[in-house]
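Below is one structure, written out as structure tokens, with a few remarks after it.
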Amino acid sequence: MAFRTHSDATVARAAMSAELLDAETEAALARRWRDEKDEAALHRLVTAYMRLAVSMAAKYRRYGASMNDLTQEASVGLMKAAEKFDPERGVRFSTYAVWWIKASIQDYVMRNWSMVRTGSTSSQKSLFFNMRRVRAQVETEAAAEGIQMTGEEIRRRIAEDLGAPLRDVEMMEGRLAGSDFSLNAQQAGEEGREWMETLEDETPGSEEVVGRDRDLSAARQWIADAMDALTEREKMIIIARKIDQQPRTLESLGGELGLSKERVRQLEAQALKKMRRHMEEHVGEEAAALAGEAV
């Protein structure tokens, strides 16, 4: 089964016209593939979720890859998800497939980002796609607390928040800075089209919203179970920093707990690692990664 011989427009049209599977049909198809290696069942399951793959692929056009190539990589991830999906976990296939589709697309983007390989380890991959977001978060928190952080301090915070070696942060910072370009620059061979025009509206569609809402209860349960592995102090910090609608600052928590801001931050990072290990042991690495995005 392959979608590689079709243009992106053809695949997109086919994806939008594909059937919508209910939970029972989806689980039945997955079991037929798992237990009987029924390729017709696998094909039907994958085809039904190509719209998800196309939608996710579109979000990565900003990295300069063609939509056709991104869609092909997304379909590869979708196939891997279908082959490995366990319907007995009680999670919809769309929730599980997101992790595999994203991993496949991100691997492709990183392989093609520049002539010099950007990185291949899990920490380098996390840095490539999250470094700018975490840097902005760190700088915003520091500004809110009236703190002027040096570049070295910011890099150390990024390394700790993303669980990456400092040398990887320094390496990725240089490579990402070297690859920056104006979004108003014109693309080669695109008849004057600017890169700005390739930016995708990330507002989720109605189907994506429904899917996320449907699986939210499962993710909440995974997180609640993982919270049980924490100490009372760690629970308090995670709730105050990651779950409450208005997160508290490190300084306010430190004052209440009689700890320095740095110590509170270390406890927060330690607690998040504990939760991730717990989820990986009980629901698998892919599901843990998805639930982890909610914390």
Do [X] and [Y] touch side chain to side chain, with heavy atoms closer than 4.5 Å?
X	Y	answer
Lys84	Trp100	yes
Met79	Leu42	yes
Thr249	Leu253	no
Asp168	Glu173	no

#### Entry: side-chain contact (heavy atoms from CB on, under 4.5 Å) between Ile101 and Tyr49, intermediate numbers included
CA-CA 11 Å; Ile101 295 170; Tyr49 282 97; over 6 Å; no
### Query
Cation over ring, Lys37 on Trp33, under 6.0 Å and within 45°?
yes
### Task
Would you kindly say whether Asp69 and Ser66 are connected by a side-chain donor-acceptor distance under 3.5 Å?
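Note: Asp69 and Ser66 side chains meet the donor-acceptor criterion.
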### Query
Does the pair Glu152/Arg155 count as a salt bridge with the N-to-O cut at 4.0 Å?
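Salt bridge flag = yes for Arg155 with Glu152.
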#### Entry: Salt bridge flag under 4.0 Å for residues Arg248 and Glu256
yes
### Task
Consider only side-chain heavy atoms of I, L, V, M, F, W and Y, link residues closer than 4.5 Å, and tell whether Leu230 and Leu250 are in one cluster.
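No, Leu230 does not connect to Leu250 through the hydrophobic network.
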### Query
Same cluster or not: are Leu257 and Leu267 linked, directly or through other Ile, Leu, Val, Met, Phe, Trp or Tyr residues, by side-chain heavy atoms under 4.5 angstrom apart?
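Same hydrophobic cluster.
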### Query
Does Glu139 have any salt bridge (Lys or Arg N to Asp or Glu O under 4.0 Å) partners at least two apart in sequence or in another chain, and if so, which?
Arg135
### Task
Identify, with sequence neighbours excluded, every residue that meets salt bridge (Lys or Arg N to Asp or Glu O under 4.0 Å) alongside Glu145.
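Glu145 satisfies salt bridge (Lys or Arg N to Asp or Glu O under 4.0 Å) with Lys261 only.
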Could you tell me which residues satisfy side chain to side chain donor-acceptor pair (under 3.5 Å) with [X], sequence neighbours excluded, listed by chain and number?
X	result
Glu234	Thr231, Gln270, Lys274
Arg277	none
Asp22	Thr25
Asp161	none

### Query
Hey, what do you get for CE (Met149) to CZ (Arg157), rounding to the nearest 0.5 Å?
5.5 Å
### Task
May I have the step-by-step check of side-chain hydrogen bond (donor to acceptor under 3.5 Å, both in side chains) for Glu73 and Tyr60, ending in yes or no?
CA-CA 11 Å; Glu73 293 301 320; Tyr60 287 84; over 6 Å; no
